[in-house]
Amino acid sequence: MNIQKVNIFSSKIAFGRKLRKDEEQDYRENTIKPALDFLQTKELAMIIHGTSYPQDKNDIGVGSPYGKIAAQLIPFEILHGFNSNQLGPVGELNSVRQYSPYKSSVETKNTLFIDFEKLTTKEYGNLLNCEDIENLTEKPLQSDKNYAYSNFANAFANNKKLLSKAYNNYEEGIKNNNPEILKLQKEQEKFETEQWDSLNYATLFHILKIHNGTDDFTKWDKIDRNLNINNNDDQSIKRMAYLKKVYGEEMSEYRFGQFLLDKQIKENTQFRKGLDFKYISDMLVGFSPADEWAHQDLFLKGYRMGCPYGGPNGGIQKWDVPVLNPKKLFNSDGSLAQAGEYLKYKLDDALTDFENVRIDHVLGLADPYIYEENGTRCGNISTMPDIDPDRNYEKVLEKIILPTLKEHGLDKFTPVWEDLVTDTPVFNRIYHDENHLPGITQLEYKKAEGMENSPNWTLIGSHDSDPANLMIKKEWVRNNEAWNPMYLAGVLNAAHDSREYCKKIDFNDSERVKAKFAEMFMMGKKIQVSFADFFGIEKTYNEGGNDANPNNWKLRLDKDFEGKYYKNLASDNPTAMNMPEILKLAVRGKTDMSIARGEYDAFDKARRAEKIIEKLEYYENILKEKE
């Protein structure tokens, strides 16, 4: 792995032994990097969705993966061995009541991610001043907790106030021929030309949901339900003229916000490129109400996508996700039809300004589980020949997804394929037998043993899981073979007597969690770790399958994430990941395994490992020191 040289921003640390500046390079280059190289770790990504990024001193209400705070978090991650972040979907949220990123838009981005402090700079024409931001945002309260929660209602309100003020200043600057603002205007014109159709549809939907008081377009009047920007009939022309007259400034402000965010995304991309740090986007399987409204003719009427298990009373999960009409995926000559083109656009967009992609719920691209909105029929689409007579969904991976990845320079082994699904014979044939695609190995309920050569991404918990320190409290986890103390002790001590270590992890949950992470690093080559696990936050980001949980999608990092990380490690009961300690266990375990197997170079590995372990142990203890 390539871990870049970076400077870590300073913050006040209480009670935790932060690495000194003169130690950072030795820690990174001579300790963490050699250990990861020894373990043959190719990728190490932190799972952290955009709104979970740390609080700012003047906080809008949610985090952002693009602004100043992101530029502080990323070097901290690099220091500890990470080379990428797994984000969630970053599309626009259409309602303050629906803030799951998996309900976000395909075509427009989440303007809650705008870093308004950048708008106080000359580059942005000084559209705002510091007083504007201080007056219209909130200062996070001091807290002993190592986490915070997003406040989406505040975020929407604060974003609206700041964006309106910035837009008014933008308009004034154009009138006054402000050179910096005129430069921004040219950039916006170029942006709008490139994004013309999608931006205009999104703008119109934004206005119509305000006008109608809901983003549920099925409840709108007929004229608004079917309004099309390309219609030339008298009724549509009159309606568009009315909306522009009443909401013209709101429409311009909306497009301005999309432009600002796009500009900051591209700046962040260049910043990350300089650090060789990647963002993995998330191509959600679903579509937002805005996407569905703009492309109503591409979706299957009367059906939605869901999951056959995990719902109320053991029933199906009704995701209320629209399903692309299989009859509109391909033309008779095999070329992409309108729905196929839209799906390709969706993946293209997910890879624009990102280096990799997580493909959400792959089953939904090959054999989706669908149900009638107003009936009882349900099942995988392969069992419904009347709906997909030409078996077009079976062609999607080979004809759309894989070629599009190739266009972006990605082979089939690079993406994070989310295959944690109910298998079907059709899916297994397409996914495994024909295309030989990798997936995710989730160690929450699996052993990592035998995974040394697996192309899968490996994780203990996803964004829908409890952090490991909470997992282990559940009886089904504690008693699962994947967490069995004898198994873990044996894997990590294959060439030594493991009985004492087995007792240690049997009676100490924290030690068993460390052993589980060490197993993952020992066996996996592409690894993901949730931000809650790394920072030792004993809260769940999203309780999968329970939409009633009021804290779903809200967990985020505290403003003093660095200080509290080190404080946690130096406490009497640390919950955060001490990377040298975990890697030490993994390196020692890999060495033992090599000796136990009688590999020809086992003792050469042991000599290399001895020096690595010595450095790891040194920094493991430093991170446990109190300030």
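In this text, all values refer to a predicted model and were calculated from it rather than measured experimentally.
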Please determine whether a side-chain nitrogen of the Lys or Arg among Glu398 and Lys412 lies less than 4.0 Å from a carboxylate oxygen of the Asp or Glu. no
Pairs meeting criterion side-chain hydrogen bond (donor to acceptor under 3.5 Å, both in side chains) with involvement of residues 321-331, two or more places apart: Asn331-Ser335
Under a 3.5 Å cutoff, is there a donor and acceptor pairing between the side chains of Asn168 and Lys165? no
Mind running side chain to side chain contact (heavy atoms under 4.5 Å, CB included) on Asn58 and Glu117 for me, showing each step along the way? CA-CA 9 Å; Asn58 296 304; Glu117 282 199 21; 4.2 Å; yes
Taking atom CD of Glu249 as the centre, report whether more than 12 heavy atoms of other residues, nucleotides or ligands fall under 6.0 Å from it. no
Atom of Lys103, atom of Asp320 and distance for their closest heavy-atom approach: NZ-O, 4.1 Å
Is it the case that atom CD in Glu187 sees more than 12 heavy atoms from other parts of the structure closer than 6.0 Å? yes
For Lys301, does the NZ atom sit with more than 12 other heavy atoms under 6.0 Å from it, leaving out its own atoms? yes
Aromatic ring proximity, centroids under 6.0 angstrom, Tyr369 and Trp319: no
More than 12 heavy atoms of other residues, nucleotides or ligands under 6.0 Å from CG of Asp386: yes or no? yes
Just so I know, are the side chains of Lys68 and Lys57 near enough to count as touching, which here means a heavy-atom distance under 4.5 Å? yes
Would you indicate whether the side-chain heavy atoms of Tyr102 and Val321 approach each other to under 4.5 Å? no
Does the side chain of Tyr247 come within less than 4.5 Å of Thr203's, by heavy atoms? no
Carefully, step by step, assess Asp349 and Lys109 under the rule salt bridge (charged side-chain N to carboxylate O under 4.0 Å, His left out). CA-CA 10 Å; Asp349 185 71; Lys109 299 297 186 287; 2.9 Å; yes
Does the side chain of Leu555 come within less than 4.5 Å of Tyr149's, by heavy atoms? yes
More than 12 foreign heavy atoms under 6.0 Å from NZ of Lys238: is that the case here? no
So, is the end of the Lys263 side chain (NZ or CZ) under 6.0 Å from the ring centre of Tyr124 and within 45° of the ring's axis? yes
Tell me, yes or no, whether the heavy-atom count around Lys539 atom NZ, taken from other residues, nucleotides or ligands under 6.0 Å, exceeds 12. no
How close do Glu355 and Lys278 get, counting heavy atoms only, and between which atoms? OE1-CA, 3.3 Å
Look up atom CG in Asp59 and atom CG in Asn158, then write down how far apart they are to the nearest 0.5 Å. 8.5 Å
Could you tell me whether the side chain of Leu397 reaches within less than 4.5 Å of the side chain of Leu437, counting heavy atoms only? yes
Side-chain ion pair, Arg239 and Asp221, N-O less than 4.0 Å: no
Looking at Lys139, I'd like to know if its NZ atom is crowded, meaning that more than 12 non-hydrogen atoms belonging to other residues, nucleotides or ligands lie closer than 6.0 Å. yes
Would Phe531 and Phe561 count as a close aromatic pair, with their ring centres under 6.0 Å? no
Please list, chain by chain and in numerical order, all residues satisfying salt bridge (Lys or Arg N to Asp or Glu O under 4.0 Å) with Asp262, sequence neighbours excluded. Lys266
Say whether Glu418 and Ser462, considering side chains only, have a donor N or O and an acceptor N or O under 3.5 Å apart. no
On a heavy-atom basis, which atom in Phe191 and which in Arg255 lie closest, and how many Å separate them? CE2-O, 4.3 Å
Worked check of side chain to side chain contact (heavy atoms under 4.5 Å, CB included) between Arg429 and Glu394: CA-CA 10 Å; Arg429 171 175 57 79; Glu394 297 181 22; 2.7 Å; yes
Hey, does Tyr279 have a side-chain heavy atom less than 4.5 Å from the side chain of Ile265? no
What is the minimum heavy-atom distance between Ala45 and Ile280, and which atoms define it? CB-CD1, 4.1 Å
So Tyr254 and Ile207, side chain to side chain contact (heavy atoms under 4.5 Å, CB included) or not? Walk me through it. CA-CA 9 Å; Tyr254 176 85; Ile207 295 306; over 6 Å; no
Is there a side-chain contact between Leu365 and Tyr393, using heavy atoms and a 4.5 Å cut-off? no
Least distance between heavy atoms, Asp215 atom then Phe205 atom: O-CZ, 3.5 Å
Hey, are Glu92 and Thr111 close enough side-chain-wise for a donor-acceptor pair under 3.5 Å? no
Within a 6.0 Å radius of atom CG on Asp333, are there more than 12 heavy atoms belonging to other residues, nucleotides or ligands? yes
Output, in order, the C-alpha distance, side-chain angles, deciding distance and verdict of side-chain hydrogen bond (donor to acceptor under 3.5 Å, both in side chains) for Glu250 and Tyr167. CA-CA 10 Å; Glu250 178 73 27; Tyr167 178 71; over 6 Å; no
